[in-house]
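Encoded as structure tokens, the structure appears first; notes follow it.
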Amino acid sequence: MTGPNPADRGKKGSKLHVLSEAQGIPPALAVSGANVHDSQAFKPLLLGLPAIRPRRCL
């Protein structure tokens with residue numbers, strides 16, 4: 001065997017969450033515990049995105 005699965009509940013480990021744009025550039029990433037649900041990392045990723053300034057119309 002290769003060892004225990006880090007995604008099991010109560011086990012030690014971590015997960016890397018990456019939010020990327022269409023070209024694959026990751027503007028936000030986060031690390032969470034293996035026993036934390038993925039939905040818990042979604043809101044911090046969105047809040048970590050830099051603000052986009054709108055274009056000025058002439």
Side-chain angles (χ1 to χ4, degrees):
M1 292 193 135
T2 60
N5 184 355
D8 291 340
R9 285 185 186 217
K11 300 283 181 166
K12 295 180 182 179
S14 60
K15 291 189 274 187
L16 182 63
H17 304 276
V18 180
L19 189 64
S20 64
E21 62 177 20
Q23 288 80 24
I25 299 171
L29 58 108
V31 178
S32 69
N35 58 348
V36 176
H37 194 269
D38 291 337
S39 65
Q40 298 292 322
F42 184 68
K43 189 173 180 179
L45 278 176
L46 288 180
L47 294 175
L49 287 175
I52 300 173
R53 293 183 353 186
R55 291 185 182 182
R56 289 180 46 180
C57 296
L58 297 176

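Atom set for the values below is all heavy atoms of this structure, side chains included, hydrogens, waters and symmetry mates excluded.
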Taking every non-hydrogen atom, the tightest pair across [X] and [Y]:
| X | Y | answer |
| --- | --- | --- |
| K15 | H37 | NZ-C, 4.5 Å |
| L49 | A28 | CD2-CB, 4.0 Å |
| H17 | S32 | NE2-OG, 2.7 Å |
| S20 | P27 | CA-CD, 3.9 Å |

Within one Ile-Leu-Val-Met-Phe-Trp-Tyr cluster: V18 and V31, side-chain cutoff 4.5 Å
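Yes; V31 is reachable from V18 via cluster members.
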